[in-house]
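Worksheet: one structure, shown below.
From a predicted model like this one, the values you see are computed outputs, not experimental measurements.
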Amino acid sequence: MKANTLIIALIAITFSIQAQSLEELVNMAITQNKEIEILDKQYQVALQKAPQVSQLPDTEIGVGGFPLPVETRLGPQFIRLSAAQMFPWFGTFASKEDLENTKAMAIREKATAKALHIEYEVKQNYYQLYELQKRQSIIQQNKTLLESLDRLAQAKVSTGKASASDVLRIQLQKEKLLQTLDQLKSKETIPTIKINELAERSLDQTVNINTDFEFAVLNFPEDSILANISQFHPMIRMFAIQQDISKKHIEVNKLNGKPSFGVGMDYIMVGKRTDAQPARNGRDILQVRAMVKFPIQQKKYKAKDAEERLKIEGWELEKENLLHAFKARIAQGSARYETARIEKANLEKQIPLIKSTIKMLQGDYAAKGRNFDELLRLEMELIEYEVNILKTIMESHRAKTDMERFMIQ
């Protein structure tokens with residue numbers, strides 16, 4: 001029973017690996033990424049700072065004695081007990097707490113930006129791996145055409161209607177295709193390792209692609225993508241948050257430059273007089289006091305204010321520069337997508353003509369042994385055309401990913 005259960009579990013695991021989609025790989029890479037996990041911990045740590053800055057300063061408690069007691073009318077003073085508590089200007093605690101929470105938000109945006117980058121990296125490597133595997137499939141399919149041509153050439157040679165060099169040239173082309181297949185298979189290693197590295201799993205684990213890509217469809221117009229990025233991209237939001245942090249620093253700095261207040265109480269123990277008996281002899285002393293602390297030196301507060309205002313201007317320039325770079329990236333992606341669309345349309349018009357020509361030349365060669373060079377050339381050209389169509393399809397997905405990599409969907 002246990003053995004059967006184990007077998008079923010292994011089959012389920014194997015099936016899940018085989019059926020793993022691009023979206024599942026992206027989710028795995030994001031959820032298991034250590035850097036995102038570290039940033040999440042930093043975010044949780046940052047959230048704990050707000051309660052720390054919203055507490056009153058420590059209460060000051062003091063004890064004093066009189067080695068030489070101070071004589072008063074009611075008796076000598078022996079011990080002084082004192083306590084004092086300072087209070088900042090109204091609203092200071094709330095402003096400091098708001099500042100720390102805003103700092104935490106910046107860390108969260110960094111984690112979101114990292115997740116977007118990981119998604120982009122997984123997709124690009126997945127596309128590369130798919131293209132390599134699909135090119136092998138195209139070559140394997142077209143290799144059968146060469147094999148049929150090889151059989152035809154051998155038959156023509158045996159009847160003396162063709163040269164043996166025809167067979168040798170076909171064999172040479174077949175060998176070249178086999179070498180290309182070996183090279184393509186070898187190139188799968190790099191994107192496979194990268195995907196496994198991003199997914200935090202064994203580097204030699206096979207990435208099973210279960211998708212058949214068609215030409216990409218853009219889900220959003222170019223201006224909508226830029227509008228989404230301007231509003232929601234974590235790096236743009238982080239610059240806005242940094243500006244907000246500086247504004248809150250200015251507010252806290254302004255409050256720090258205000259007076260702070262304090263209240264205190266002193267209790268003095270008084271001994272009784274033995275040489276006289278005045279009314280209330282030996283009565284203790286209770287004193288209540290209030291304090292005001294004025295920050296007279298205002299230069300440091302003015303300098304801090306100027307510093308934060310310069311930071312706000314700097315973050316605005318950073319934000320504009322990044323938006324400009326995003327806009328250029330989107331425009332480039334759009335141009336690449338359109339180029340790929342036009343190339344694919346042109347190639348698809350050529351392939352039926354090539355196939356028809358190949359069929360005619362095959363009949364001519366079978367009957368009269370003519371036009372072998374043209375036939376062999378077109379056989380190889382057909383492979384190149386189909387590979388180029390594959391390239392345009394994958395270029396459309398790369399261009400789309402480049403355009404939408406900064407979007408929060």
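Ion pairing between Lys254 and Asp305 fails under the 4.0 Å rule for side-chain N and carboxylate O. Of the charged side-chain nitrogens involved, at least one lies within less than 4.0 Å of a carboxylate oxygen, so that Lys344 and Glu348 count as a salt-bridged pair. Between Arg398 and Glu131 there is a salt bridge, since at least one side-chain N of the basic residue sits less than 4.0 Å from a carboxylate O of the acidic one. Under a 4.0 Å N-O distance rule, the pair Lys319/Glu316 qualifies as a salt bridge. Ion pairing between a basic and an acidic side chain is recognised when a charged N comes within 4.0 Å of a carboxylate O; Lys134 and Asp212 show such pairing. Using a 4.0 Å cut-off between charged nitrogen and carboxylate oxygen, Lys123 and Glu119 count as a salt-bridge pair. Checked for salt-bridge contact, Glu188 and Lys185 meet the test: a charged N lies under 4.0 Å from a carboxylate O.
Side-chain atoms of Leu25 and Tyr126, non-hydrogen and from C-beta on, do get closer than 4.5 Å to each other. Side-chain atoms of Met403 and Ser334, non-hydrogen and from C-beta on, do get closer than 4.5 Å to each other. No side-chain heavy atom of Asn321 sits under 4.5 Å from any side-chain heavy atom of Leu317. Proximity of Glu71 to Pro76: side-chain heavy atoms (C-beta onward) are separated by under 4.5 Å at one or more points. Under the 4.5 Å side-chain criterion, counting only non-hydrogen atoms from C-beta, Lys391 is not in contact with Glu395. Residues Gln298 and Tyr301 have side chains in contact (heavy-atom distance under 4.5 Å, counting atoms from C-beta outward). Residues Met291 and Met86 meet the side-chain proximity criterion, which asks for heavy atoms closer than 4.5 Å. Counting heavy atoms from C-beta outward, Leu178 and Lys174 have side chains that stay 4.5 Å or more apart.
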Practice prompt. Please lay out, stage by stage, how Leu56 and Phe93 fare under the test side chain to side chain contact (heavy atoms under 4.5 Å, CB included).
Written response: CA-CA 8 Å; Leu56 286 171; Phe93 286 155; 3.5 Å; yes
Worksheet item: What's the verdict on side chain to side chain contact (heavy atoms under 4.5 Å, CB included) for Ile312 and Glu308, showing C-alpha distance, side-chain angles and the deciding distance?
Response: CA-CA 6 Å; Ile312 291 173; Glu308 296 301 332; 5.5 Å; no
Practice prompt. Would you please test Phe66 and Phe78 for ring-ring contact (aromatic ring centres under 6.0 Å, His included) and show each step?
Written response: CA-CA 5 Å; Phe66 297 90; Phe78 290 120; 8.5 Å; no
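Ring-plane geometry between Phe213 and Tyr127 is classed as perpendicular, the angle between the planes exceeding 60 degrees on a 0 to 90 degree scale with a lower cut at 30.
Glu343 and Thr392 share no donor-acceptor pair across their side chains, judged by distance under 3.5 Å alone. Between the side chains of Asp204 and Ser202, at least one donor-acceptor pair of N or O atoms lies under 3.5 Å. Tyr120 and Asp402 share a donor-acceptor pair across their side chains, judged by distance under 3.5 Å alone. Judged by distance alone, the side chains of Glu100 and Gln48 never bring a donor and an acceptor atom under 3.5 Å apart.
Taking both residues in full, the closest heavy atoms of Pro191 and Lys187 are given as CD-O, 3.1 Å, listed atom of the first, atom of the second, then distance.
Evaluated for a side-chain hydrogen bond (donor to acceptor under 3.5 Å, both in side chains) with Glu109, the options His233, Arg237, Lys114 yield exactly one hit, Arg237.
For Phe87 and Phe261, the gap between ring centers reaches or exceeds 6.0 Å.
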Could you list the donor-acceptor pairs under 3.5 angstrom formed between side-chain atoms of residues 264-272 and any protein atom two or more places apart in sequence or on another chain?
residue: Asp266; atom: OD2; partner: Arg289; partner atom: NE; Å: 2.7
residue: Tyr267; atom: OH; partner: Asp284; partner atom: OD2; Å: 2.3

